[in-house]
Amino acid sequence: MQMTILENLHESIKQVIKNAVEKAIANNEIDPVSEYDIQIETPREKEHGDFATNIAMMLTKILRKPPRTIADAILKNMDFANTYIAKAEVAGAGFINFFLDNSWLYDVVGVIDEQGDNYGRINLGNGKKVMVEFVSANPTGPMHMGNARGGALGDCLASVLDWAGYNVTREFYVNDAGNQIEKFAVSLEARYIQELKGEDAIEFPEDAYHGDDIRQHAKNFIALYGDKYLEAEQTERRKALVDYALKLNIQALKDDMDLYRIHFDNWFYESTLHNSNEVMETIELLKQSGYTYEKEDALWFKTTEFGLDKDDVLIRANKIPTYFAADIAYHRNKFSVRGFDKVINIWGADHHGHIARMKGAMQALGIDPDRLDIITMQLVRLMRGGEIVRMSKRTGKSITLHDLLEETNVDAARFFFNLRQASSHFDFDLELAVEQSNENPVFYVQYAHARICSIIRHLSGEGINVKNAKDIDLTALVQPQELDLLRKLTDLTEEIKAAATTMEPSRLTRYLMDLAALFHSFYNACRVNCDDQNLMHARLKLICCVKTVIANVLNMLGVNAPEKM
RNA sequence: GCGCCUGUAGCUCAGUAGGAUAGAGCAACUGCCUUCUAAGCAGUGGGUCAGGAGUUCGAAUCUCUUCAGGCGCGCCA
């Protein structure tokens with residue numbers, strides 16, 4: 001894939017600097033330096049030019065001269081021939097600021113014209129196989145607000161990586177085995193018996209699932225099968241109940257994800273790891289690695305070898321493998337069986353304690369732990385009109401993802417959950433979300449898109465259509481609002497690169513809000529439908545480019561780009 | 001007790017592989033619709049970057065420390 005406009009520009013400026021440094025050395029104006037890194041940055045203040053370098057400050061330690069002296073010497077030897085650089089000057093502590101001819105900004109229009117729906121794609125990932133595993137909610141009940149945040153985050157991160165040139169797989173891990181399924185069975189059974197024989201017939205275990213959904217499953221089960229399992233063997237009864245309810249719960253997870261516009265490439269069932277014997281195989285490999293030992297009838301993993309406080313059990317004294325053991329097998333499967341180059345997990349912050357031991361387990365298996373990235377997302381604190389709403393599954397009174405999707409709209413929820421970084425604690429106020437007021441910036445961005453569509457419709461009605469970039473004199477665009485927009489459009493590729501590198505899709509919502517703000521300013525300052533035909537076509541093209549970019553990024557976020565509002 | 005995350009404007013948050021005068025939205029106040037969508041724009045006020053010390057040309061950003069909040073330290077998942 002070709003270099004982006006900014007990459008090209010940075011390279012050409014670096015070349016100018018490099019040539020100038022070499023010339024300054026040749027002229028004995030500075031002492032020889034062999035290795036140095038040239039950084040190009042964008043100054044915050046416009047008076048400081050379009051780009052700047054801190055090369056003089058970087059060299060000040062090596063050369064033992066004041067930065068401004070070095071900067072002067074470098075500047076004196078600069079040659080701007082065949083570049084966009086109009087002038088450069090030394091400023092501040094020793095920055096060299098570059099002021100460019102505006103013409104470099106027009107290039108982006110041609111690029112967007114050519115790439116259209118794909119403008120913004122870069123080849124950072126080089127087709128590497130990467131998995132993003134997210135949500136992975138327990139199938140024992142409905143999803144909560146944490147899953148809502150994780151879903152929006154994971155899905156958008158996957159999109160960002162896709163746009164950055166990775167080969168991305170979205171996966172949902174279904175914990176359809178193990179202890180919580182046992183607990184699920186016990187819960188269902190107790191409700192089943194209570195429904196048939198009264199509340200006092202059996203005591204409902206304190207640590208079972210108290211949610212109303214369990215009771216509902218029992219009722220529906222009875223409607224289908226009556227009391228025929230009342231006298232059956234306990235194992236048979238529990239199996240029938242779990243088979244029935246689990247299937248429905250998993251389908252509900254799929255339906256809700258569908259509503260939320262999240263489409264997983266794969267739903268991976270924990271049970272397959274047990275059935276295929278991969279769990280035991282993995283444990284065998286860990287034994288061979290020497291990182292295990294037996295104590296009190298259980299098999300332990302030497303987590304302490306990896307700097308942690310205590311070791312962890314892999315196989316309990318009752319010979320049943322732990323969740324940890326299954327999880328290790330799962331991750332081994334991702335890397336060794338399915339060959340992912342890189343795996344990203346999105347976990348709630350309450351699981352952060354497991355990161356080190358999982359990485360340790362990977363190392364024990366000979367898998368480079370750096371190939372596993374775990375994003376810990378701070379949990380969502382649910383508020384309603386400023387009051388905290390508890391979200392425990394046990395009380396059964398939590399607000400579910402499904403409730404959220406019924407109360408608010410998907411665009412708002414997905415955008416809202418990507419406003420903040422994963423590391424930030426997040427208060428989600430239901431009243432605000434439901435209001436869909438201007439508190440939610442998604443409308444601001446969508447409004448910009450709709451406004452552009454409206455202008456295009458108007459002009460189209462007058463028989464004026466968008467021309468190809470090559471047929472337009474873009475130099476008509478000289479207003480600061482126009483130039484700011486062009487610059488922002490050019491920035492998209494860098495923004496995607498940064499979002500992919502830092503694994504923070506929240507950069508995109510911020511980028512969109514900035515872009516929308518620039519457009520709204522432009523809208524108030526410049527009229528597209530003006531008398532100057534040349535200017536009109538240039539502006540029309542400009543807003544079409546803005547529309548394309550807004551739509552592309554909204555598409556990455558899984559948010560609609562409405563033509564009318 | 002140990003570990004992880006967080007602390008920036010009244011509120012919600014950006015900015016952290018060190019860079020120039022710390023930004024945005026909301027809230028408050030003042031203006032802007034007989035022409036392309038006012039869910040908009042322009043402007044004003046608002047700061048001990050939690051406190052302290054250190055590293056250096058330069059610290060919101062790095063180190064140490066104190067304080068405050070969240071989370072975790074099961075043969076649970």
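Throughout, protein chains are lettered first and strands after them, A, B, ... in sequence-line order, and every chain is numbered starting at 1. Computation of the quantities below employed the complete heavy-atom set of this structure, encompassing side-chain atoms and omitting hydrogens, waters and symmetry-equivalent molecules.
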Taking atom types as modelled, is there a side-chain donor on [X] or [Y] under 3.5 Å from an acceptor on the other?
X       : Y       : answer
S506(A) : R510(A) : yes
E89(A)  : N97(A)  : no
D312(A) : T303(A) : yes
D311(A) : T304(A) : yes

Go through [range] and report each residue with a non-hydrogen atom lying under 4.0 Å from RNA chain B, sorted by number.
range                       : value
residues 302-317 of chain A : K310(A), V313(A), R316(A), A317(A)
residues 525-533 of chain A : C526(A), R527(A), V528(A), N529(A)
residues 496-515 of chain A : R510(A)
residues 444-453 of chain A : Y444(A), Y447(A), A450(A), R451(A)

Just to be sure I understand the rule, does [X] reach a base, reach only the sugar-phosphate, or reach nothing, if contact means heavy atoms closer than 4.0 Å?
X       : answer
A356(A) : nothing
E462(A) : nothing
H458(A) : sugar-phosphate
D350(A) : sugar-phosphate
Y523(A) : base
H48(A)  : base

Treating [X] as the side-chain partner and [Y] as the backbone partner, does any N or O pair qualify as donor plus acceptor under 3.5 Å?
X       : Y       : result
N345(A) : W347(A) : no
T292(A) : W300(A) : no
T69(A)  : K65(A)  : no
R332(A) : V279(A) : no
H48(A)  : R44(A)  : no
K541(A) : K467(A) : yes
K359(A) : L372(A) : yes
D176(A) : Y269(A) : no

Between [N] atom [atom2] and [X] atom [atom1], what is the distance in whole Å?
X       : N      : atom1 : atom2 : value
I355(A) : C73(B) : CD1   : P     : 13 Å
L59(A)  : U56(B) : CG    : P     : 19 Å
F416(A) : C26(B) : CZ    : P     : 14 Å

Checklist entry - C49(B): syn or anti, with syn meaning chi within 90° of zero? => result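 For C49(B), whose glycosidic angle is more than 90° from 0, the conformation is anti.
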
For a quick test of your reading: what N or O donor-acceptor pairs under 3.5 Å do the side chains of residues 443-451 of chain A make, sequence neighbours left out?
{"residue": "Q446(A)", "atom": "NE2", "partner": "D411(A)", "partner atom": "OD2", "Å": "3.1"}
{"residue": "Q446(A)", "atom": "NE2", "partner": "N560(A)", "partner atom": "O", "Å": "2.8"}
{"residue": "Y447(A)", "atom": "OH", "partner": "R451(A)", "partner atom": "NE", "Å": "3.4"}
{"residue": "H449(A)", "atom": "ND1", "partner": "P562(A)", "partner atom": "O", "Å": "2.9"}
{"residue": "R451(A)", "atom": "NH1", "partner": "H520(A)", "partner atom": "ND1", "Å": "3.1"}

Next on the checklist: Suppose the criterion is salt bridge (charged side-chain N to carboxylate O under 4.0 Å, His left out): which pairs have a residue in residues 511-522 of chain A, not counting sequence neighbours?
Outcome noted: K488(A)-D514(A)

Ignoring backbone atoms, test whether [X] places a side-chain nitrogen or oxygen under 4.0 Å from the OP1 or OP2 oxygen of [N].
X       : N      : value
N179(A) : C76(B) : yes
Q378(A) : G70(B) : no
Q39(A)  : A17(B) : no
T376(A) : C71(B) : no

How far, in whole Å, is [M] from [N] if one measures between their [atom1] atoms?
N      : M      : atom1 : value
U12(B) : U21(B) : C1'   : 25 Å
G47(B) : G15(B) : C1'   : 15 Å
C64(B) : A22(B) : P     : 27 Å
G23(B) : A14(B) : C1'   : 7 Å
G7(B)  : A17(B) : P     : 15 Å
C75(B) : G54(B) : P     : 46 Å
C26(B) : G43(B) : P     : 14 Å
U55(B) : U8(B)  : C1'   : 23 Å

Next on the checklist: Here's one to test your reading of the geometry: is the NZ or CZ of R357(A) within 45 degrees of the ring axis of F301(A) and under 6.0 Å from its centre?
Outcome noted: no

Checklist entry - Between L153(A) and M377(A), is any pair of side-chain heavy atoms under 4.5 Å apart? => result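 L153(A) vs M377(A): side chains touch.
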
Checklist entry - G72(B) base to H351(A) side chain: any donor-acceptor pair below 3.5 Å? => result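 There is none.
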
Next on the checklist: E495(A): which residues meet the side-chain contact (heavy atoms from CB on, under 4.5 Å) condition with it, sequence neighbours left out?
Outcome noted: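 side-chain contact (heavy atoms from CB on, under 4.5 Å) check on E495(A) returns R507(A), Y511(A).
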
Item to check | Contacts of type side-chain contact (heavy atoms from CB on, under 4.5 Å), residue E305(A), not counting sequence neighbours | outcome: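 By the side-chain contact (heavy atoms from CB on, under 4.5 Å) rule, E305(A) matches Y291(A), K302(A).
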
Checklist entry - Any idea which of C36(B), G3(B), C41(B) is nearest the I455(A) side chain? => result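 It is C36(B).
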
Checklist outcome for this item: Side-chain contact check for S424(A): nearest option of G72(B), C36(B), A14(B) is A14(B)

Checklist entry - Do K183(A) and N138(A) pass the side chain to side chain donor-acceptor pair (under 3.5 Å) test, and can you show the C-alpha distance, the side-chain angles, and the key distance before you say yes or no? => result CA-CA 12 Å; K183(A) 205 202 276 188; N138(A) 263 333; over 6 Å; no

Checklist entry - In terms of the nearest nucleotide of RNA chain B, which residue is placed more toward the 5' end: F95(A) or R457(A)? => result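 Closer to the 5' end of RNA chain B: F95(A).
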
Checklist entry - Hey, which of these two, H352(A) or W300(A), hits RNA chain B nearer its 5' end, going by closest nucleotide? => result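 Of the two residues, H352(A) wins.
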
Next on the checklist: Enumerate the ring-ring contact (aromatic ring centres under 6.0 Å, His included) contacts for residues 524-545 of chain A, please, sequence neighbours excluded, ordered by first and then second residue.
Outcome noted: none

Checklist entry - In terms of ring plane angle, is the pair F268(A) and Y173(A) parallel, tilted or perpendicular, where the classes change at 30° and 60°? => result tilted

Checklist outcome for this item: Checking N1-N3 plus N6-O4 or O6-N4 for Watson-Crick, or N1-O2 and O6-N3 for wobble, each under 3.5 Å, the partner of C73(B) is G1(B)

Enumerate the protein-to-nucleotides 31-33 of chain B contacts in which both atoms are nitrogen or oxygen and the separation is below 3.5 Å.
none

Pairs under 3.5 Å (N/O, protein and nucleotides 57-62 of chain B):
none

Polar atom pairs between nucleotides 10-12 of chain B and protein, under 3.5 Å, N or O only, would you list them?
{"residue": "U12(B)", "atom": "O2'", "partner": "R420(A)", "partner atom": "NE", "Å": "3.3"}
{"residue": "U12(B)", "atom": "O2'", "partner": "R420(A)", "partner atom": "NH2", "Å": "2.0"}

